[in-house]
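Notes follow the structure.
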Amino acid sequence: MKFWGYQRPDGRIGIRNHILLLPTCACSSETCRFAALQVTGAVSIINQNGCAQVKGDLEITEKVLAGLAANPNVFGTVLVGLGCENAQPDKMEQLIKAKTNKPLKKVIIQEVGGTLAAIKQIVEYAREMVEEASMLQKEEFDISNLIVGTECGGSDPTSGLVANPVVGNLSDRLVDMGATVILSETTEFIGAEHILAAQAETPEVAKRIYAIINKYEEHLKSVGESLREGNPSPGNKAGGITTLEEKSLGCIHKGGHRPIVEVVDYAEEVTKKGLVIMDTPGYDIASVTGMVAGGAQIVVFTTGRGTPTGNPIAPVIKITGNRATYEKMKENIDFDASSLLRGEKSLEQLGEELFYEVLKVANGKKTKAESFGFSEIAISRLCNYV
């Protein structure tokens with residue numbers, strides 16, 4: 001099976017051809033946003049981090065920012081710093097160059113003379129990159145080059161009964177074709193960790209699955225908090241999910257049934273083929289951001305209650321198993337899997353239909369979130385700002 005994509009100079013394959021305007025910190029985020037409004041083909045993010053962070057948090061932020069620039073859906077990046085932040089622009093430039101040899105330019109607001117001068121320079125660099133990007137022709141590549149992230153949010157019982165199993169069927173199909181699937185949301189493995197551990201390819205991978213869950217629970221205890229205070233969410237409970245364990249048993253269906261070949265840290269580059277776990281929070285936006293920073297070109301996202309969120313770099317396909325949600329939020333939901341619940345279609349049928357929907361999106365079809373221009377990101381953190 002093949003798809004049409006863009007060959008990058010670092011060897012990776014993109015399904016979109018974005019120019020990324022990347023702020024190193026909150027103080028340069030709005031300048032990036034203003035510049036992006038002037039350049040068709042450019043995307044920007046709002047980065048709340050990059051300054052006033054302890055060392056561990058700063059390292060996470062830098063890893064995510066460099067990972068976003070390296071994502072294969074990005075043709076090139078204009079890095080925009082303020083000048084005095086912790087995530088220093090020169091260091092960020094080196095971190096990005098260590099990951100990819102794609103086009104990269106840098107603008108520092110304090111050096112060029114303020115917002116207007118910075119926007120002028122950013123727009124000039126970005127327009128040059130858009131021209132270069134427009135010359136790149138799509139080529140046909142094997143589907144084994146795809147990295148697909150999976151996410152669930154705004155869950156209700158239909159997520160665990162219908163939408164997540166359909167994504168699991170998709171995951172098995174992709175892995176069987178040599179592609180990579182990421183299962184995320186560590187906090188939503190709790191109570192189901194023994195099932196995932198039994199699915200691990202090696203004892204080392206099983207041990208790592210237990211380790212990331214224990215680390216999360218111990219971290220929250222160290223600051224006097226409990227995971228169960230906020231999970232399941234009020235929306236989950238209103239939808240019918242009663243416990244974290246119940247939520248977890250539904251969540252893990254998204255990974256399917258193939259062996260888990262490795263566990264990677266948050267936003268770490270995924271290098272193995274097959275089913276991979278990424279250690280992310282259950283917070284949807286931060287989890288999706290971590291997977292995209294790790295290389296995912298596309299994300300499939302199940303939601304029983306409905307959510308409009310997207311991502312600036314990777315298309316996000318929304319799937320629901322709740323017919324009422326689909327009817328109410330058709331403008332946000334891409335795929336209705338509720339026919340499985342009514343017995344009108346089989347799991348195999350819907351898994352095949354979702355597979356071809358993923359293929360269409362990989363070939364250029366815009367998702368509902370892309371059409372709206374949703375571009376949320378969030379970066380996971382260890383502790384409070386300093």
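Note that the structure is a prediction, hence the values are computed from the model and not measured. Residues take their numbers from the sequence shown, with the count starting at 1.
Met92 is listed as a side-chain neighbour of Leu65, based on a closest heavy-atom distance under 4.5 Å. Counting only heavy atoms from C-beta outward, the side chains of Leu340 and Val166 approach each other to under 4.5 Å. For the pair Leu196/Ile277, a side-chain contact is recorded, criterion being any heavy-atom separation below 4.5 Å from C-beta on. In this structure the side chain of Phe374 never reaches within 4.5 angstrom of the side chain of Asn311, judged on heavy atoms. Using a 4.5 Å heavy-atom cutoff, the side chains of Leu20 and Leu68 are in contact. Taking the side chain as every heavy atom from C-beta outward, Ile182 and Val270 approach each other to under 4.5 Å. Contact annotation: the side chain of Pro281 never approaches that of Glu185 to less than 4.5 Å [non-hydrogen atoms, C-beta and beyond]. Contact check for Val167 versus Leu354: side-chain heavy atoms found under the 4.5 Å cut-off.
Listed here is the closest heavy atom pair of Tyr210 and Ala197: CE1-CB, 3.5 Å. Of all heavy-atom pairs spanning Ile285 and Thr289, the tightest one is O-OG1, 2.8 Å. A pairwise comparison of heavy atoms in Phe3 and Asp142 identifies CE2-O, 3.2 Å as the closest pair. Leu104 and Ile96 make their closest contact through CD2-CG2, 4.0 Å (heavy atoms, listed as atom of the first residue, atom of the second, distance). When every heavy atom of Ile143 is checked against every heavy atom of Ala179, the shortest pair comes out as O-CB, 3.5 Å. Nearest heavy atoms, Val205 versus Ala200: CG1-CB, 3.7 Å.
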Between Glu370 and Val316, does a side-chain contact (heavy atoms from CB on, under 4.5 Å) hold up when you go through it step by step? CA-CA 8 Å; Glu370 280 186 297; Val316 178; over 6 Å; no
Set out, in order, the CA-CA distance, both residues' side-chain angles and the distance that settles side-chain hydrogen bond (donor to acceptor under 3.5 Å, both in side chains) for Tyr385 and Asn49, then state yes or no. CA-CA 9 Å; Tyr385 289 119; Asn49 296 336; 2.6 Å; yes
Set out, in order, the CA-CA distance, both residues' side-chain angles and the distance that settles side-chain contact (heavy atoms from CB on, under 4.5 Å) for Cys152 and Cys251, then state yes or no. CA-CA 7 Å; Cys152 57; Cys251 169; 4.0 Å; yes
Applying side-chain contact (heavy atoms from CB on, under 4.5 Å), run through Arg258 and Asp176 and close with a yes or a no. CA-CA 8 Å; Arg258 300 299 178 255; Asp176 290 347; 2.7 Å; yes
Take Val299 and Ile317 through the side-chain contact (heavy atoms from CB on, under 4.5 Å) test and state the conclusion after the steps. CA-CA 6 Å; Val299 176; Ile317 301 173; over 6 Å; no
Checking side-chain hydrogen bond (donor to acceptor under 3.5 Å, both in side chains) for the pair Thr367/Asp334: CA distance, chi angles, key distance, verdict? CA-CA 7 Å; Thr367 65; Asp334 300 276; 4.9 Å; no
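Note on Leu359: it clusters hydrophobically with Val175, by side-chain heavy-atom contacts below 4.5 Å among ILVMFWY residues. Follow the hydrophobic side-chain contacts under 4.5 Å out from Phe335 and you reach Leu170 in the same cluster. Under the 4.5 Å side-chain contact rule for hydrophobic residues, Ile46 and Leu21 do not share a cluster. Val386 and Leu82 fall into different hydrophobic clusters, where Ile, Leu, Val, Met, Phe, Trp and Tyr are joined by side-chain heavy atoms under 4.5 Å apart, directly or via other members. The hydrophobic clustering, which links ILVMFWY residues whose side-chain heavy atoms are closer than 4.5 Å, places Leu146 and Val292 apart.
Residues passing the side-chain hydrogen bond (donor to acceptor under 3.5 Å, both in side chains) test with Lys272, sequence neighbours excluded: none. Looking at residues two or more places apart in sequence or on another chain, you find a salt bridge (charged side-chain N to carboxylate O under 4.0 Å, His left out) between Lys345 and Glu353.
How far CD of Glu124 is from CD1 of Ile119: 14.0 Å, rounded to the nearest 0.5 Å. With rounding to the nearest 0.5 angstrom, the CD atom of Glu85 is 8.0 Å from the CD1 atom of Ile109. Taken from CD1 in Ile298 to CD1 in Ile313, the straight-line distance is 14.5 Å, to the nearest 0.5 Å. Separation of atoms CG (Leu275) and CG (Asp172) is listed at 8.5 Å; rounding is to 0.5 Å. For the atom pair OG1 (Thr320) and NZ (Lys328), the distance works out to 10.0 Å, reported to the nearest 0.5 Å. If you take CG on Leu382 and CG on Asp57, they are separated by 4.5 Å, rounding to the nearest 0.5 Å.
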Compile the donor-acceptor pairs under 3.5 Å between side chains in residues 129-141 and protein atoms, sequence neighbours left out, one pair per line.
unit_1: Ser134; atom_1: OG; unit_2: Glu131; atom_2: O; d: 2.7
unit_1: Lys138; atom_1: NZ; unit_2: Asn363; atom_2: O; d: 3.1

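In summary, of the residues considered (Glu59, Arg381, Glu62), a side-chain contact (heavy atoms from CB on, under 4.5 Å) with Gln53 occurs for Arg381 alone.
Looking at Glu93 and Lys97, a side-chain N of the basic residue comes within less than 4.0 Å of a carboxylate O on the acidic one, giving a salt bridge. By the 4.0 Å N-to-carboxylate-O rule, Asp336 lies too far from Lys330 to be salt-bridged with it. Salt-bridge formation is detected for the pair Lys221/Glu218: a Lys NZ or Arg NE/NH1/NH2 atom is positioned less than 4.0 Å from an Asp or Glu carboxylate oxygen. A salt bridge is absent between Glu151 and Lys254: the closest approach of a Lys/Arg side-chain nitrogen to an acidic carboxylate oxygen does not fall below 4.0 angstrom.
A donor-acceptor pair under 3.5 Å is absent between the side-chain atoms of Asp156 and the main chain of Asn322, judged by distance alone. Using modelled atom types, one side-chain atom of Ser184 and one backbone atom of Thr150 make a donor-acceptor pair closer than 3.5 Å. Distance alone, capped at 3.5 Å, is enough to place a donor-acceptor pair between the Lys102 side chain and the Val74 backbone. Between the side chain of Glu262 and the backbone N or O of Val276, no donor-acceptor pair lies under 3.5 Å. One N or O on the side chain of Ser29 and one on the backbone of Cys25 form a donor-acceptor pair closer than 3.5 Å. Counting only distance, with no hydrogens or angles, the side chain of Asn101 and the backbone of Asp10 share a donor-acceptor pair below 3.5 Å. Without hydrogens or angle criteria, Gln88 side chain to Gly83 main chain gives a donor-acceptor distance under 3.5 Å. In this structure, Glu376 contributes its side chain and Thr309 its backbone to no donor-acceptor pair below 3.5 Å. A donor-acceptor pair is defined here as one N or O able to donate and one able to accept, closer than 3.5 Å; such a pair exists between the side chain of Thr186 and the backbone of Thr280. Remark: side-chain polar atoms of Lys365 are not paired, donor with acceptor, to backbone N or O of Glu357 under 3.5 angstrom.
The neighbour count for His219 NE2, taken as heavy atoms of other residues, nucleotides or ligands under 6.0 Å away, is above 12. Summarising the local packing, NZ of Lys105 is surrounded by 12 or fewer heavy atoms from other residues, nucleotides or ligands at distances under 6.0 Å.
Side-chain N/O atoms of Tyr216 and Asp279 include no donor and acceptor closer than 3.5 Å.
Listed by chain and number, the hydrophobic cluster partners of Tyr326 are Met329, Ile333, where partners are ILVMFWY side chains within reach of under 4.5 Å, directly or through others. Leu116 belongs to no multi-residue hydrophobic cluster, having no ILVMFWY side-chain contact under 4.5 Å with any other such residue.
Under the salt bridge (charged side-chain N to carboxylate O under 4.0 Å, His left out) criterion, the residue pairs touching residues 33-45 are Glu30-Arg33, with sequence neighbours excluded.
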